[in-house]
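Structure first, commentary second.
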Amino acid sequence: MIDIQALSQQRPIIVVGAAFGDVMLGLDCLPSSGGDVVAQEQDRQIGGCAFNVARALARLALPPINAIPVGNGSWGQLVETEMDKEGLPVMLRHPTHDNGWCIAMVEPNKERTFITVDGCEQFWNEELLAQIPTPDNAIVYVSGYELVSPQSEPLRQWLLGLSDDKTLFVDFGPRLADIEPTFVEKLLAKRPVLTLNRDELALLQGVQTSTDDAVSNAQSFAKHHNLAVICRFDKDGAHVCEPELDPVYIPAFQVDVADTIAAGDSHCAGVIAALASGLALGTATQLGNMVAAIVVSKPGSDGAPNRQELTAFQTSQNADNQ
C-alpha cells in the first residue's frame, strides 16, 4: 500500500509538449472511406499528452515546470484558462501558431480513434526552448507526438543536449514508427525511462507477440540499452523491465471503463510523481496503474484525481480485495 499523503517532491519535474483541444464524439462505428456516420458530441475539453500529465501532477500537489506552449488564438485562450485553473503558470507563449486540437471518436467498446490538427506544439525554436529552466536532477517528460515533424528539430536537439543528471521519461506513443530512427538511437543512449503499451512494444520490436514474449523482448531490450522499460497492458496490468533485474508484474486495478482517453498520460503522471518522490520504479508503476484506473473510469481526459480521491480509491480497492 502506497502512502499517498506522504508523497513529497524530491526532484524537479519538467513537462514538455502539447496542450490540445479535445472534441469527443461517441459513435457506433468508425466511418469507412467516403462513408457518413452519425455521432453524438460528448464533451469538449483541454487535453493533449503533456497537459494531461502536468494537470495530473498538479492535482497530486507535485507541480511541474510547465514547458507547454500556449498558442496565439482561440484554443490558446482556452488552454491558458485551464492552466490557470490547475495552478500551472504559463511560461511559453507561441508568437505565430495557435494550439492544436483533435477529434476523439469513442466506439461502444470504449476504444478511441483520433484525428489531429497540429498547432504550436509542433513548431519549436531555440528562443522558446531557452526559456525552460533545467534544474539539476530533473525528470523530463516528453511525448513522441512532438518528436516527429521537421519543425520539431530544435526540440529534438534540446533533449539530446540535456545534461546526464536529468532523467528523460519518454512516452513514444503511436507515432514511434514515424520518429527518425537515428534520433531514437541517440535518445536511447541517454538511458531514458520508456513507457510503452502493447502496440508500441510491437512497433519497437518489429513484431506482434504474446504478452509473455513481449515482456521477454522488452527485458532483453532494457538490458541491451541499459535502461528501464515499463510495459503497459491495460486491464492486464504492467511489467517493469530493468537491466539487471527480472521483470516485475504490477497488477491493474479493476474498474468500469468509461473510455480510455488519457489512460497512458495519466499512467505517466503517476509514475513520475512517485519517482520524483524517491520511490522505486515498481512502486511508481503501481501508482501509475492507480491514477490511470481512476481516469479511465470517467469520460474524457479530465479525470485525474487529487490526493484525497486517490487515497479513497486505494482504500476501496483494498477493501474489495479482502
Side-chain angles (χ1 to χ4, degrees), residues 1-4 6-13 53 62 137-142 144 159 162-173 176 184-253 263-293 314 317-318 321:
M1 187 167 177
I2 301 172
D3 187 351
I4 306 298
L7 292 174
S8 177
Q9 189 166 351
Q10 300 174 17
R11 301 179 63 182
I13 304 167
V53 172
L62 294 158
N137 204 32
I139 299 171
V140 183
Y141 164 88
V142 68
L159 291 167
L162 290 172
S163 56
D164 290 342
D165 61 290
K166 312 292 188 295
T167 298
L168 286 170
F169 191 98
V170 180
D171 182 4
F172 282 123
L176 174 58
V184 172
E185 286 300 316
K186 291 179 179 178
L187 194 65
L188 294 177
K190 296 185 73 67
R191 299 177 56 199
V193 176
L194 299 183
T195 177
L196 302 156
N197 67 20
R198 65 178 78 241
D199 293 332
E200 294 147 15
L201 281 165
L203 284 172
L204 189 69
Q205 297 163 0
V207 60
Q208 191 80 45
T209 63
S210 67
T211 295
D212 288 345
D213 287 342
V215 173
S216 177
N217 291 340
Q219 182 64 35
S220 298
F221 186 90
K223 186 172 183 180
H224 177 73
H225 291 280
N226 196 28
L227 50 75
V229 180
I230 302 169
C231 309
R232 308 190 321 269
F233 296 110
D234 308 315
K235 62 181 176 58
D236 297 320
H239 292 257
V240 175
C241 300
E242 298 184 82
E244 303 303 325
L245 301 172
D246 291 334
V248 177
Y249 173 63
I250 312 295
F253 294 88
D265 305 333
S266 55
H267 192 277
C268 290
V271 175
I272 293 170
L275 292 178
S277 299
L279 300 181
L281 187 58
T283 305
T285 302
Q286 183 183 5
L287 185 63
N289 285 2
M290 201 183 309
V291 175
Q314 182 175 231
Q317 288 281 319
N318 288 340
N321 293 330

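Computed from heavy atoms alone, side chains included, the values below leave out hydrogens, waters and symmetry copies. Computed from a prediction, not measured in an experiment: that's the story for all the values here.
Of all non-hydrogen atoms in Leu287 and Gly270, the two that sit nearest each other are CD2-O, 3.3 Å. Scanning both residues, Arg11 and Leu275, for their nearest heavy atoms gives CD-O, 4.2 Å. Nearest heavy atom pair, residue Asp199 against residue Asn197, reads N-OD1, 3.1 Å. Nearest heavy-atom pair across Ala276 and Ile13 is CB-CD1, 3.7 Å. Between Gln314 and Ile2, the closest heavy-atom pair is NE2-O, 2.8 Å. Considering all non-hydrogen atoms of both residues, Ala273 and Leu62 come closest at CB-CD1, 3.4 Å.
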Verdict with supporting geometry, Tyr141 and Asp265, side chain to side chain contact (heavy atoms under 4.5 Å, CB included): CA-CA 10 Å; Tyr141 164 88; Asp265 305 333; 4.3 Å; yes
Evaluation steps, side chain to side chain contact (heavy atoms under 4.5 Å, CB included), between Leu281 and Val248: CA-CA 10 Å; Leu281 187 58; Val248 177; over 6 Å; no
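Gln219 places a side-chain N or O within 3.5 Å of a backbone atom of Glu242 that can act as its donor or acceptor partner. Remark: the backbone N or O of Ile250 is paired with a side-chain donor or acceptor of Asn289 at under 3.5 angstrom. No donor-acceptor distance shorter than 3.5 angstrom exists from the side chain of Glu200 to the backbone of Leu176, with no hydrogens or angles considered.
With values rounded to the nearest 0.5 angstrom, Leu159 atom CG is found 8.5 Å from Lys190 atom NZ. Between the CG atom of Asn137 and the NZ atom of Lys166 there is a distance of 8.5 Å, given to the nearest 0.5 Å. Taken to the nearest 0.5 Å, the OG atom of Ser277 stands 9.5 Å off from the CD1 atom of Ile4. Separation of atoms CG (Leu201) and CG (Leu194) is listed at 9.5 Å; rounding is to 0.5 Å. One distance of note links CG of Leu187 with CD of Glu185; it measures 10.0 Å at 0.5 Å rounding. Between atom CG of residue Asp246 and atom SG of residue Cys241 there is a gap of 10.0 Å, rounded to the nearest 0.5 Å.
Within the 4.5 Å cutoff, the side chain of Val271 has heavy atoms near those of the Ile230 side chain. Using a 4.5 Å cut-off on side-chain heavy atoms (C-beta onward), Met1 and Gln317 make no contact. No side-chain heavy atom of His267 sits under 4.5 Å from any side-chain heavy atom of Asp171. Between Leu7 and Leu279, the closest side-chain pair of non-hydrogen atoms falls below 4.5 Å. Put simply, the side chain of Phe169 does not reach to within 4.5 Å of the side chain of Val53, judged on heavy atoms.
Between Asp165 and Ser163, the side chains place a donor N or O and an acceptor N or O closer than 3.5 Å (distance only, hydrogens not considered).
Taking the six-membered ring where the residue is Trp, His239 and Phe233 present perpendicular rings, their angle passing 60° and hence far from 30°.
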